[in-house]
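In what follows, a structure is listed as structure tokens, so that the remarks can point back to it.
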Amino acid sequence: MSGPNTDYDPVEVSTLKPDEVDAARDAALAAIGAAADLDALKQVRIDHTGDRSPLALANREIGALPPQARKEAGQRVGQARGAVGKALAARQVVLEAEHEERMLAEETVDVTLPTDRVPAGARHPVTTGSELIADIFVAMGWEVAEGPVIEAEWLNFDALNLGPDHPARTMQDTFWTDPADNGVVLRTHTSPVQARTMLTRTPPIYVVCPGRVFRTDEYDATHSPVFHQVEGLAIDEGITMAHLKGTLDHFATAMFGEGIVTRFRPSFFPFTEPSAEVDLVCFVCRGTALNADGTDVCRTCRGEGWIEWGGCGVVNPRVLRACGVDSDRYTGFAFGMGIDRTLMFRHGIEDLRDLFEGDVRFTTAFGSEL
Amino acid sequence: MKAPVSWIREYVDLPADVTTEQLAARLTALGLKLEAIEAPGDQITGPLVVGRVLTREPEPQKNGKTINWCTVDVGAANGTGEPQGIVCGAHNFDVGDLVVVVLPGGVLPGGFAISARKTYGHVSAGMICSAAELGISTEHDGIIVLPADAGEPGADAFDVLGLHDDVIEFEINPDRAYALSLRGIARDAALGFGAAFTDPADLGGRALPAANADGYPVDVQDAEGCPLFVARLVEGFDPTAATPDWMAQRLVQAGMRPISLAVDVTNYVMLEIGRPIHGYDADRLTGTLGVRRATAGERLTTLDGAVRTLAHGDLVVTDDSGIIGLGGVMGGADTEITDATTRVLIEAAHWDAVSMFRTGKRHKISSEAGKRNERGVDPTVTEAAADRVVELLTTHGGGTAAPGVTVVGSAPAQPTIDMASDLPERITGMSVPRETTLAHLRAVGCIVDEARAEVATLLTVTPPPWRPDLTDPHDLVEEVARVVGYDQVPSVLPRPGAGRGLTREQRLRRRAGRTLAGAGLVEVISFPFVGDAVLDQLGLPADDPRRHTVRLANPISSEEPGYTTTLLPGLLRAAARNLGRGAPGVALFETGTVAFPADRGPAPIHGVDRRPTDEELAQLYAAIPVQPLHLGVVLAGERERAGWWGSGRDSAWSDALAVVRRLGAELGLAVETRAAVRAPWHPGRCAEVLVGGRPVGHAGELHPKVCAAFDLPRRSAAVEIDLDVVLAEARDVVPGPSFSSYPLAKEDVALVVDDAVTVAAVEDALRSGAGELLESIRLFDVYTGEQVGSGRRSLAFALRFRAPDRTLTEPETSAARDAAVAAAVERCGAVQR
Ligand SMILES: [Zn+2]
């Protein structure tokens, strides 16, 4: 900046003439308005507010004016520079917004692209189904008991009132370990877990026993030599068949939904007396025996309106005695059904073998909880 | 058990409007479960009539077949009374025979509509039917020829053929052996409908001939095995006599094949009354009949032609020539009735059920007689059954009953059961007043003695002789309950006290499963059976303990007789199956039981009259194989998929270790690894996994030969660890971590070490040298090449330092780094790059 020039006549300093200042201001405003992008605006800023810009030069000249002229000139130039600065700032905001908008637009992706870089895992429906069942019972205050799959013959049969000559031993063809008189079998049901529980605990006992079981069945769409069962056992004072019915009704509803209740039919199991088969209201036709389109007869229950679910009954006092439970004081109930079969019903699985083939397309459909 | 409804109705005064479905439903509710209803006539629409063949002209055809052009008198059934012209392909009939004709407009099973049609140069107006075409038999041996007295031409054939007679098939449980007879089924039907019951064993009330000394000589040496033996003789029997049609039809309806009158009569009486009967050709018997136990090694050719080597305990029937039958199970070939038999000796005997069961099981004989005898037959109908056979043989076979009647022994007495009168109510939860209990017990045939009871609430109950299954008070409860109706049982939720929830193990197992699924692994369940072949495929050495399996006496496949000791065979097969079905990659896990023999001798069979002692139980448990829970993992093919983001990445040994470490991290466990050599892994790429210092299993890349043997891509990786041990080590309560929020100081170091020096060793050295300021250490690069020289590699570590209470100064950080490096130099011979 130059020092004051007292020789100058303010009127004679052309850059400070009002019309010159106005022109410089207007030129700057026009250029700002015309700046199309941030780069152009940057140049406009240099051209119109930089050291060599007319308004900067004009500002410099103010100091050279005689003091009486400085105020007016200063005011004029100050106002012009203020207007230009304000316009620049406003334009900057607008152009930045435009720039961001354009940049984001350019970064647009196709959101329908696949993202399956790491395939998903899943847990087996038999596992999660067993957990679901366990949770239903745990919520009622029951506990989950487990035991070995290769089991003592005495626990699998004798303790459960299936003596060596009991006809029922031929009903379920058993895998025997070698030699066959070894007294050790692949358990044919999870009932030995019930026996173990009674042998080690004192009533009240409320346990469910899910697990893998074995029978020498053919392997087809509805049978497998390896399958899964859940059994339940309640031993307490005053336990009756009514408690069994209440428990199974609750279980059925929890598994299959409101309105799916159970029916008892007299049956025979050495472990229980009285014994019953438990049927479920057909969850497809809900007992109407009709197909969804109203035609005869429901394919799921073959028109019976009911589906066989499992076996149950009042624990035979002989079993209580063999397992050390005071049969005068306590009564109990027991039930058992196939987990695989239950899941086939619940999820409309048509071929049991799907559970054992290990095809990930089957299993991943179920995720990690049922 | 198949029961024609008409036969049931013969003994029960059922209301006429009771439908087959209602009858079946009621009996199902009483414990005789409906299996199927056969309603043969339902599939047929008439006109189906009796016809008499008037003419039959065989006409050979160009195709080599001969057809018969017949005219058949169908009375007025065709509306004209004129003979009906019909082409028939069968040849088992003659002019004058009565046949079954379906006329145009009729429909046969399968929706087969009949119309007059041109065929073989004639207009055939209808069809002469076979049993198969009517859906009443599967046999294709020509058309039905009706008996001469079956009916007049034009008569409705539905009734003649019994097509309106439904058959109910029941599934009979082992405790309801009485229902293996029409007598038993009808008795429950009467009970179910409150209808009058006529016992067929009463033989219409006629008196049975008394036993006398003139009967066939019988000497029962084992009265326990055969408490009652009745023998009757029919002489002058005509072996050519035909079985009456009504009897043959009922046998067919019940699922048995008519054979000859003598055989059919014994089967018929068995179905009717429930007592199996055996018939001998009396002329082929020599001397006295005897009953005794066989001695081991004796032989008998049974009537199915099989030569049986008998065991001690088999009950046998003998004559002077030796053993002639397996009593109650199957007769011998030498004395059976033939098509020349004129003297029939009838044996009706009551056999010990357990012996029957054992003999049937031992010789793998499943006969209709054995099935009934082993479950228990009413002993009191033995004489009646024999007399009924005599009656039917003499009526239809022309013989006469010999006056001799042999009865050796007597029906065993029924044991009594003491039952508290309120037991049904206490057990079923239904309201069952004492009067109801008394009424229902009596309704099922029990004798209830109230007076005899010392205690007023105690009932002394004698079950009926046809119910040998009723032995305990609870058996009587079931009888009362089924009559009251199981549908009357109320639904009441029990209210147990607070439970303990899932066990620690159960919760941890769920957690492990979720972690593995979260890591992208899919759970599978495999059959746990293995044989040498698959263990060879795994490359297990001959002395590997995993080859010592629990062997099954009756495996599904003799190729796989062992219970598996490793989860890998099932997993590797499942992986190959997925890849074979087109999956680009597969990551599977299984948690399952494996087994190792206890080799402690057989598990004892204890008694059941009391709880075994703790010592006895310990003995039992010790004999059971050791069954740890394993976790197996297999990773094959793409682990990360190729895509628009770039190329994919195949599974490698490190993925297997990553799974183990991820599981360890989830369970709060420090997982250590060290090089190991173990099948089926690659010897240079296998890690032994340790948790809490305990070896728990192995992880790494599979041996190339194993990959090839299982059809898996090279570099497939696997894990197998003992999950029981891992879960036992899992941290239960995680201590909340404390950490500093002062600024982080980072230092990278590159160290050159010999190949033999492991990353773990260098890391340990760095960690110990760096001191307390070290927050974390992570290997981020491994370099091999000329710059470091052969046999050596450069390891680059990122060290992160942080103090709990201040910002670290540069000199502090440098000093810590230098100390770390110095430790690596000293311990690992590392050279800083
Ligand atoms: Zn249905």
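Numbered from 1 within each chain, the chains take letters A, B, ... in sequence-line order.
Within the 4.5 angstrom heavy-atom criterion, only side-chain atoms of Leu588(B), from C-beta onward, approach chain A. Heavy atoms of Glu640(B) lying under 4.5 Å from chain A belong to its backbone as well as its side chain. Heavy-atom distances place the side chain of Val586(B), and not its backbone, under 4.5 Å from chain A. Residue Arg302(A) does not touch chain B at all, counting heavy-atom pairs closer than 4.5 Å. Contacts between Pro114(A) and chain B at a heavy-atom distance below 4.5 Å involve backbone atoms as well as side-chain atoms. Heavy-atom distances place the backbone of Asp181(A), and not its side chain, under 4.5 Å from chain B. Only the side chain of Asp472(B) comes within contact range of chain A, judged by heavy atoms closer than 4.5 Å. Only the backbone of Pro604(B) comes within less than 4.5 Å of a heavy atom in chain A; its side chain stays farther off. Contacts of Phe137(A) with chain B are absent, with no heavy-atom separation under 4.5 Å from either backbone or side chain. Heavy atoms of Thr471(B) lying under 4.5 Å from chain A belong exclusively to its side chain. With a 4.5 Å cut-off on non-hydrogen atoms, Val477(B) touches chain A through its backbone and its side chain both. Residue contact with chain B, scored on non-hydrogen atoms closer than 4.5 Å, is absent for Glu218(A). Contact of Ala159(A) with chain B is made through the backbone alone, with heavy-atom distances under 4.5 Å. Proximity to chain A involves both the backbone and the side chain of Arg510(B), based on heavy atoms less than 4.5 angstrom apart.
With sequence neighbours excluded, the residues that form a ring pair (Phe, Tyr, Trp, His ring centres under 6.0 Å) with Tyr206(A) are Trp142(A). For Glu479(B), the side-chain hydrogen bond (donor to acceptor under 3.5 Å, both in side chains) criterion is met by Arg176(B), Arg467(B), Arg482(B), not counting sequence neighbours.
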Using the rule given for salt bridge (Lys or Arg N to Asp or Glu O under 4.0 Å), can you reason through Arg263(A) versus Asp487(B), listing the C-alpha separation, both sets of side-chain angles and the distance that settles it, and then say yes or no?
CA-CA 7 Å; Arg263(A) 171 180 84 169; Asp487(B) 56 339; over 6 Å; no
Passes salt bridge (Lys or Arg N to Asp or Glu O under 4.0 Å), Arg577(B) versus Asp359(A)? Steps please.
CA-CA 7 Å; Arg577(B) 192 174 301 128; Asp359(A) 194 314; over 6 Å; no
Does the salt bridge (Lys or Arg N to Asp or Glu O under 4.0 Å) test come out yes or no for Glu143(A) and Arg500(B), once each step is laid out?
CA-CA 7 Å; Glu143(A) 291 170 21; Arg500(B) 291 176 296 190; 2.9 Å; yes
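Between chain B and the residues Ala180(A), Ser275(A), Ala120(A), the most heavy-atom pairs under 4.5 angstrom are made by Ser275(A).
Without hydrogens or angle criteria, Asp609(B) side chain to Ala322(A) main chain gives no donor-acceptor distance under 3.5 Å. Checking side-chain atoms of Trp154(A) against main-chain N and O of Gly607(B) turns up a donor-acceptor pair under 3.5 Å.
The pair Arg117(A)-Glu638(B) does not count as a salt bridge, with every side-chain nitrogen at least 4.0 angstrom from each carboxylate oxygen.
Looking at Phe356(A), Tyr219(A), Phe175(A) one by one, the single match for ring-ring contact (aromatic ring centres under 6.0 Å, His included) with Phe529(B) turns out to be Phe175(A).
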